[in-house]
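First comes the structure, then the notes that go with it.
Note that the structure is a prediction, hence the values are computed from the model and not measured. Here is the naming used below: chain letters follow the sequence lines, and residue numbers restart at 1 for every chain.
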Number of protein chains: 2
Amino acid sequence: MRITSARVTASEVARKAGVSQAAVSLVLSRNPKARFAEETRARIIQAAAELGYRPNLVARALVNRRSFALGVLVPALGDPVYAAIVSGAKRVASETGYALLLAEATADDHVAQLRALADRQIDGVIIAGVIAASLPAEELAALNVVIINQPSNQFSTLAEDSIRAGATAAEHFLGLGHSRLAFIGPASASHVFRHRERGYAQVVRASGVELRSDYWQRADANVAGGFSAMRTLLALHERPTAVFCANDLSALGAHKACTAAGVQLGHDISLLGCDDIEIGTLVTPELSTIHTPLGELGARAVRDLLSQADIPRVVPAAKTLPVKLVIRGTTGRPAVSPPGA
Amino acid sequence: MRITSARVTASEVARKAGVSQAAVSLVLSRNPKARFAEETRARIIQAAAELGYRPNLVARALVNRRSFALGVLVPALGDPVYAAIVSGAKRVASETGYALLLAEATADDHVAQLRALADRQIDGVIIAGVIAASLPAEELAALNVVIINQPSNQFSTLAEDSIRAGATAAEHFLGLGHSRLAFIGPASASHVFRHRERGYAQVVRASGVELRSDYWQRADANVAGGFSAMRTLLALHERPTAVFCANDLSALGAHKACTAAGVQLGHDISLLGCDDIEIGTLVTPELSTIHTPLGELGARAVRDLLSQADIPRVVPAAKTLPVKLVIRGTTGRPAVSPPGA
DNA sequence: AGCGGCTGCTTATGCGTATTACCTCAGCAC
DNA sequence: GTGCTGAGGTAATACGCATAAGCAGCCGCT
């Protein structure tokens, strides 16, 4: 039975070096308070090396009350957005010797998933995509938490500048001379999506361009949603010339609908996504988009968690990371001058 | 300092219920050997519920010598192929109360990543995409291991039927009437890629169709590789009419090259990928491909690991999962009859 | 009355590590 | 010699849980 391999323990190293287990622990953990003769120190280090001793992190976690592991709670690992966040988090985590424990929360088990992480004594948790408000606050409060892309006055947050993302989209379109601006986005409670929409709407409105309700399409923020929303827009008597989608996935759905309808993207209709996931460069023409710092969000989240672990934060911090316009093939000047011009 | 939250322990439950800590453990773990009066049992359960007791899994892991966690070692979490495997693994793992510990192995730290997992006393590890032969065999041998898509006579393996995948590709092309068959694939040591190629070549050769060396392109199995390889093919005096790519990513690169060159996919040239990642449906026309059971591989890997944990396997098992042709938009009959017809 | 056997619990111990408190011995001052 | 100090270690304990072993009380049987 090979549940956990028989591994060499500190005691065995101690026996081999002719010292006590405590000596092994003290020397190998470079405890500054420990005064050991150079010769003993060397003997212990050599014995450990010869036996291939590696400390049992589970035992260490038990006594330290620190597991050196962080949890990540996301709704879907396969989604490129969360994959990018996880990847960024993993990079920083492994640099610092931290492990990442994954939790994929489905519709109704997000609380259970959080508990599963907490029960493993994680030193902190990163929450992205899962509505933090739907998690029991008192259980979260017992953890170090960083929430990505959601507001919270109780926990630290880290977010893209969603308002600016939407605003940038509108500015791009307006700058190109568009005046028939459409939007495709979910009716969801998601904070990012709402803010991307708001930033977009604000700038459009401020420019004096009309916000037409038939240009404002509600659709799930995925490929299918974007596809059907775009079909609706294409069926309109007077088509929009520029469409901003709440995320790249729906933009790619919209892209597909346009291509299928023979619409020349970047000419007949300008299309802009948001997130800058890699897939956007695979379609033709390549998807213009607003880059959001997904990997960076994951990476910073880990760093924040690690600093929280040392100096617990009284006041939760809220940081916002900038976004950036990435012009590729799907956006350009309108083909025909808008009526008002 | 809030490293790990102050949580209620079994002893506190015991005090509240007026019993010993052992009683709490015995009752709550439904140990069949423990005979307790119904009334005591109820008191313990109620006390636990009132205090919100949840066992510390770290402590449990230490005494059980079983962490109820599995490791996953992959080269890139962002790659849709590995994301799909991880997602499948996660599904089964969380059904059975197991946690998944991620390790993303970069070029030269794969051994360190494996050790980091082992040090956390994982009950098993799934290795995908990382060359298992490059890992220290004696350290692997101390673990329960399932290797995905690589051969091994020392450890259990789980693989798609790569030969069949390639063969299916060739049969599809030949069945459509193609005779100018090309291939794009890496020169890498990867077993899957080599077998997909071999299966393809075997069937082509067996059909009597010539295997032209200028139709056999070496390229990295990613978008950029597929793109440039396809450019080379397109520049040929006599273009191939059907191209099989070693994976979807390179097929998507090839797709892009074709679209850019004005080639009508599915008519002028038939293009076939392999893996069936979701992105393939986003391009126009949608990518025909060979479906490989990525999620299923991850799921089965976890199941195998769990059964290994109970009944250790003397002889490593090797299982192969079937693949399936998925015809979408990029494959069709050749536009012009091949010379020989 | 005495003893076996069952019920219903408790006590003790170990998992592998970190850490505190203590212990021994040498060297030195006096 | 005694006492003090510091160097160089060890012993003991705790972390939170699981589990083997033990033990008290009671019943029934002879």
- Query: Going 5' to 3' along DNA chain C, which nucleotides are the first and last within contact of chain A (any atom under 4.0 Å from a heavy atom)?
  - Reply: C:dG16 to C:dT20
- Message: Less than 3.5 Å apart, any donor N or O on the side chain of B:His110 or B:Ser134 sitting next to an acceptor on the other?
- Response: yes
- 5'-most to 3'-most nt of DNA chain D touching chain B (<4.0 Å, heavy-atom partner on protein side) reads D:dG16 to D:dA20
- Pick the nucleotide of DNA chain C nearest each of B:Glu38 and A:Leu57; which residue has the one closer to the 5' end? B:Glu38
- Minimum-distance pair of heavy atoms, taken over all atoms of B:Ile147 and B:Ser152: CD1-CB, 4.1 Å
- Query: With a non-hydrogen cut-off below 4.0 angstrom, is B:Arg60 in contact with a base, only sugar-phosphate, or nothing?
  - Reply: sugar-phosphate
- Query: Between A:Asp304 and A:Val146, what is the shortest heavy-atom contact and its length?
  - Reply: CB-CG2, 3.9 Å
- Task: Assign B:Ser29 to base, sugar-phosphate, or nothing according to its heavy-atom contacts below 4.0 angstrom with the strands shown.
- Result: nothing
- Which residues within residues 47-56 of chain B lie with some heavy atom under 4.0 Å of an atom in DNA chain C? none
- Nearest-nucleotide comparison on DNA chain D, the residue closer to the 5′ end among A:Val63 and B:Gln21: A:Val63
- Query: Can you tell which of B:Ile122, B:Leu305, B:Val302, B:Asp123 makes a side-chain contact (heavy atoms from CB on, under 4.5 Å) with B:Tyr98?
  - Reply: B:Asp123
- Task: Could you list the residues that satisfy side-chain contact (heavy atoms from CB on, under 4.5 Å) with A:Arg115, not counting sequence neighbours?
- Result: A:Val111, A:Glu139, B:Arg54
- Message: What's B:Leu26 touching, base or sugar-phosphate or nothing? Going by heavy atoms closer than 4.0 Å.
- Response: base
- Report which part of the nucleic acid B:Val58 touches: base, sugar-phosphate, or nothing (heavy-atom distance under 4.0 Å, all strands). nothing
- Task: By nearest nucleotide on DNA chain C, pick out whichever of B:Leu62 and B:Gly18 is the more 5' one.
- Result: B:Gly18
- Apply side-chain hydrogen bond (donor to acceptor under 3.5 Å, both in side chains) to A:Asp275 and list each qualifying residue two or more places apart in sequence or on a separate chain. A:Arg196, A:Thr292
- Message: So, using side-chain contact (heavy atoms from CB on, under 4.5 Å) as the criterion, who are the partners of A:Ser94 when residues are at least two apart?
- Response: A:Lys90, B:Gln113
- Minimal heavy-atom distance between B:Val92 and B:Ala299, with the atoms involved, is CG2-CB, 3.4 Å
- Message: Given 3.5 Å as the limit, does a donor-acceptor pair link the side chain of A:Asp109 with the main chain of A:Thr106, or not?
- Response: yes
- Message: Over all strands shown, is A:Ala22 touching base, sugar-phosphate only, or nothing at heavy-atom distances under 4.0 angstrom?
- Response: base
- How about B:Gln21: does its CD atom have over 12 heavy atoms from other parts shown lying under 6.0 Å from it? yes
- Look at all strands and tell whether A:Val19 reaches a base, only sugar-phosphate, or nothing, counting heavy atoms closer than 4.0 Å. sugar-phosphate
- Task: Of all the heavy-atom pairs spanning B:Ala132 and B:Leu140, show the shortest one and how long it is.
- Result: O-CD1, 4.1 Å
- Touch check for B:Thr9, heavy atoms < 4.0 angstrom, all strands: base, sugar-phosphate only, or nothing? sugar-phosphate
